[in-house]
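All remarks here apply to the structure that follows.
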Amino acid sequence: MLEIWVRDALSDVLRSYLKDIGQNGDLSTFLPKGVRLEFPKKEGFGDISTPVAMHLSPQLKTPPRKIAEFLHASLSALPLFQSVDIAGPGYLNFTFSEQAVRRTLLQILDPHADLVVGEEGKRRVLVEFVSANPTGPLHVGHGRGAAYGDALSRILRAAGHDVTTEYYINDAGNQMEMLGRSTCLAWRKLQRTVSESEETAFLKGATPYKGDYIREIAQEMIDSPGLLSPEETRAALDPLAPETGYLGKFTEYSQNRIMDGIREDLQKFEVPFDGFFSEKILHEKKGGEGTDAISVWINRVREASLQESEAGVPDVYESDGALWLRTTVLGDDKDRVLLRSDGRLTYFAADIAYHALKMERGFDVLIDVWGADHHGYIPRMNAAVKTLSLILDHPVEFRVALIQLVSLVRDGRPVSMSTRGGEFVTLREVLDEVGVDATRFSYLTRSHESSLEFDLNKAKERSMDNPVYYVQYAHARVRSLLRQAETRGLTLPSSWTDGDLEALREPAERDLVRFMDRFSAVVNDVTRSLEIHPLTEFLTDLAGRYHHFYFHHRILSQEPQDRGLMIARIALSIAAGRVLEKGLGLLGISAPDVM
RNA sequence: GCGCCUGUAGCUCAAUCGGACAGAGCAACAGCCUUCUAAGCUGUGGGUUGGGCGUUCGAUUCGCCCCGGGCGCACCA
């Protein structure tokens, strides 16, 4: 909370300064981006610093150092600070008083206080992620989205939001039919030879889904008598027979098996979902005869665009026998088809209905986590959500997190990742080889907007060179210390007081507290930027500071005169352990007691 | 051709919506275990931030122009 205290104190002083020089006291007119606080990277610049004097200088036509001097005079007397210095072009560098540092440590130790304090009001957020098509197992790219979406959801919850996670299943349309055909073809091949001409004709020239999983599913179907009736079996084996209901059986069975596998993978990866939303539902006609949800929403958009065409609602129009939405009025570079001339709905139409339903369910913020190859889809979805916001008179914030590609490396060589022909590395394989914690950590060390090189050898290395274990070990070290203290018969205070901490004098101790204090701000930053890796980096940094402290300072002691210091250092260790445990938890990574 | 991401130490990446001398980890080299787990700690070397011009008190960050890498530009999903 040190940061908040500084911000408040600085804001007060700035307001009175502005009044003194005859300006209005509204900070936002002078500092539209707010009061900036920085954490100096270098020693000697204080615990926290601000460039506000430089920011105000041009507008007040006053040299930054002069402004800084005034602020200095008012701030340096506060008990919060041990000292306030003016440095460089006009930086104000603050060094906290010991009292302020202890107060912060007490807060971290308080079991009734949250380590993360949300900085925004509570909002209802839907995070949709993974949403991989049920046409094959999850691969390492999906894994990155899963780790990201899950961590983001945990972080948003920690920051006080009401979060729901959802997986959207694209279980309608062409590709599902192709999946059925692919399985059926494999099923035939397991029972007899299939000529190339038969194969091409059956697949209608398209490329089938391949890979072992398709063959396994086909084998399962053979091994499960009763799945297909004798008539269906005969028809499915006979290329000349009409393609009747049997194809649907293959589609349904394949899809269910694959979706089961995906759910297992997610469970193994410890990524829970609050819900799975099936696209199929959007296509179903209510009561057998009514209108499906997609058509309902297309009609609502169409009606709205007729009535309110001047309010900036894109209109729905017909052209070349298809139905279009004029997304170009909202920034898209071309209009998009909703209903194709062959009478089939596009995926875009389904997505509009799906997002409309999300909004109807009352969410204020919609976050979609997509693979980077879908980025061309953003403008049209933006346009769609804006349109729906107008229609429903319910403005929502729509954000897309694009997850860049993952390339696997083993033994210094890239691992082939062609999805065609089923030659990809599945998430399951990586989990079996590397483990959940190391896999998640590896995914979350880099910005999701940068492509990621996933080095299998490094990720699974169980050593001090692997950052996951480095961070986990810091936590285990604290627990080990506490066990040790317990075996020595030490009793700790049931609640901590300022007096318990007074023995802390070392720079490494102060540094730890000051650093831990940033945790809440780091977490809150994630909710704004949607960048998770700063939190991962923070934890690595904190672990390093704890290891440093631990190595250089003896904690447990038998000497009676060291008792006060021992108690204080144990308190510090407990605090570090709390922050590490909480932070790892937000990333979905375990905080082991023993390693 | 247009759009999005990207180019920083040998490698993988950071750098707080323009801030102080561009930082970590790995790799390399040199050290530290009769004491709370050495899965740890300490030190050394390593950079024209792809190139150029501009805006600014200040640019890895913003703008423009080149060069290179990834992805996308369907009545596909």
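Order of the sequence lines fixes the chain letters, A, B, ..., with proteins taken first and strands second; residue numbering starts at 1 for each chain.
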What integer number of Å spans the C1' atoms of B:C21 and B:U60?
15 Å
Report which part of the nucleic acid A:His55 touches: base, sugar-phosphate, or nothing (heavy-atom distance under 4.0 Å, all strands).
base
Discussion item. Using the C1' atom as the point on both nucleotides, what is the distance between B:G18 and B:G54, in whole Å?
Written reply: 15 Å
Among B:C41, B:C75, B:A77, the one nearest any side-chain atom of A:Ser341 is B:C75
To the nearest 0.5 Å, atom NE2 of A:His142 lies from atom CD1 of A:Ile403 at 12.0 Å
Here the distance between atom P of B:C71 and atom CG of A:Leu452, to the nearest Å, is 16 Å
A:Ile555 CD1 to B:U35 P, in whole Å, measures 16 Å
> Is there a donor on the side chain of A:Asn93 or the base of B:A20 sitting less than 3.5 Å from an acceptor on the other?
Replying inline: yes
Heavy atoms under 4.0 Å, any strand shown: does A:Met178 hit a base, just sugar-phosphate, or nothing? nothing
Among the nucleotides B:C5, B:A77, B:C32, whichever has the atom closest to the side chain of A:Phe551 is B:C32
Practice task
Flag the pair A:Phe538 / A:His533 as yes when at least one side-chain heavy-atom distance between them is below 4.5 Å, and no otherwise.
Solution key: no
Determine the Euclidean distance between corresponding P atoms of B:G69 and B:U8; express it in Å to zero decimal places.
14 Å
- prompt: For A:Leu405, which contact category applies under a 4.0 Å heavy-atom criterion: base, sugar-phosphate, or nothing?
  reply: sugar-phosphate
Assert: residue with more 5' nearest nucleotide on RNA chain B, out of A:Arg518 and A:Leu556, is A:Arg518
Scanning all shown strands, the Watson-Crick or wobble mate of B:G7 with both distances under 3.5 Å is B:C67
B:U49 -> Watson-Crick or G-U wobble partner, both distances under 3.5 Å, gives none
Relative to its sugar, using the 90° cut-off around 0, the base of B:C33 is syn
| message | Looking at A:Glu120, I'd like to know if its CD atom is crowded, meaning that more than 12 non-hydrogen atoms belonging to other residues, nucleotides or ligands lie closer than 6.0 Å. | response | yes
Margin query: Taking only the C1' atom of each, what is the distance from B:U48 to B:G25 in whole angstrom?
Written below: 25 Å
**Prompt:** For B:A77, does OP1 or OP2 lie under 4.0 Å from any side-chain N or O of A:Asn170?
**Reply:** no
Quick note, A:His375 side chain, CB onward, closest among B:G72, B:U37, B:A20 is B:G72
Of the listed B:A20, B:A15, B:C41, the closest approach to the A:His533 side chain comes from B:A15
Exercise. Contact class for A:His553 vs. all strands (heavy atom < 4.0 Å): base, sugar-phosphate, or nothing?
Worked result: base
In Watson-Crick or G-U wobble terms, with both distances under 3.5 Å, the base opposite B:U56 is none
Testing B:U12, B:A39, B:C75 for proximity to the side chain of A:Glu453, the answer is B:U12
Taken to the nearest whole Å, CZ/A:Arg483 to C1'/B:U37 is 9 Å
With the side chain defined as heavy atoms from C-beta on, A:Asn133 is closest, among B:A20, B:A77, B:C71, to B:A77
TODO: Evaluate whether the aromatic ring of A:Tyr470 and the six-membered ring of the B:A39 base sit under 5.5 Å apart, centre to centre, with an inclination under 30°.
DONE: no
Any strand, both distances under 3.5 Å, Watson-Crick or G-U wobble: B:A28 pairs with B:U44
Are A:Phe398 and A:His355 close enough, and set up right, to give a ring-ring contact (aromatic ring centres under 6.0 Å, His included), and what steps lead you there? CA-CA 10 Å; A:Phe398 175 64; A:His355 284 77; 5.7 Å; yes
To the nearest angstrom, the NE2-C1' distance between A:His374 and B:G72 comes to 11 Å
Considering only heavy side-chain atoms of A:Tyr469, the closest of B:A74, B:C71, B:A39 is B:A39
Check: Does a donor on one side chain and an acceptor on the other come within less than 3.5 Å for A:Ser573 and A:Tyr546?
Finding: yes
Value for CZ (A:Arg528) from CZ (A:Arg399), rounded to nearest 0.5 Å, stands at 10.5 Å
Which whole number of Å gives the distance between the C1' atom of B:G45 and that of B:U6? 29 Å
| Inter-nucleotide C1' distance (B:C71, B:U61), Å rounded | 23 Å
> Checking all strands, does A:Ser447 fall into the base, sugar-phosphate, or nothing category for heavy-atom contacts under 4.0 angstrom?
Replying inline: sugar-phosphate
Base of B:A20 paired with side chain of A:Ser49 (donor-acceptor, under 3.5 Å) = yes
Ranking A:Arg446 and A:Arg488 by the position along RNA chain B of their nearest nucleotide, the one closer to 5' is A:Arg446
Quick note, A:Ser480 side chain, CB onward, closest among B:C71, B:U37, B:C75 is B:U37
Scanning all shown strands, the Watson-Crick or wobble mate of B:A74 with both distances under 3.5 Å is none
- Task: Pick base, sugar-phosphate or nothing for A:Val522, based on heavy-atom distances below 4.0 Å to the nucleic acid.
- Result: nothing
ask   = So what does A:His547 hit on the nucleic acid, given a heavy-atom distance under 4.0 Å: a base, only sugar-phosphate, or nothing?
value = sugar-phosphate
- Using a 4.5 Å cut-off on heavy atoms from C-beta on, say whether the side chain of A:Val430 contacts that of A:Leu456. yes
**OP:** Can you tell me, in whole Å, how much space there is between the P of B:A39 and that of B:U34?
**Re:** 15 Å
To the nearest angstrom, the CG-P distance between A:Asp373 and B:G69 comes to 20 Å
request  = Would you check if there is a donor-acceptor pair between the side chains of A:Thr95 and A:Asp47 at a distance under 3.5 Å?
outcome  = no
Between OH of A:Tyr546 and P of B:C36 the distance, given in whole Å, is 14 Å
Under 4.0 Å between a side-chain N or O of A:Arg36 and OP1 or OP2 of B:C17? yes
Q.
Using a 4.0 Å heavy-atom cut-off, does A:Ser319 contact any base of the nucleic acid, only the sugar-phosphate backbone, or nothing at all?
A. base
note: A:Leu37, atom CG; B:A20, atom C1'; distance rounded to Å ~ 16 Å
A:His548 has its side chain closest, among B:G72, B:C36, B:U42, to B:U42
Roughly how many Å apart are B:A74 and B:C66, using the C1' atom of each and rounding to a whole number?
33 Å
- prompt: If only side-chain N and O atoms of A:Arg477 are considered, is one of them under 4.0 Å from the OP1 or OP2 phosphate oxygen of B:A38?
  reply: yes
- Task: If the plane angle is over 60° it's perpendicular, under 30° parallel, otherwise tilted; pick one for A:Trp370 and A:Tyr377.
- Result: perpendicular
| request: Report yes or no: do A:Asn170 and A:Glu279 form a side-chain donor-acceptor pair below 3.5 Å? | output: yes
Against the side chain of A:Ser450, the closest entry in B:U37, B:U6, B:C75 is B:U6
ask   = When we call it a touch if two heavy atoms are under 4.0 Å apart, what does A:Arg554 touch: a base, just sugar-phosphate, or nothing?
value = base
From CG of A:Asp455 across to P of B:C13 the rounded distance in Å is 10 Å
B:G23 -> Watson-Crick or G-U wobble partner, both distances under 3.5 Å, gives B:C13
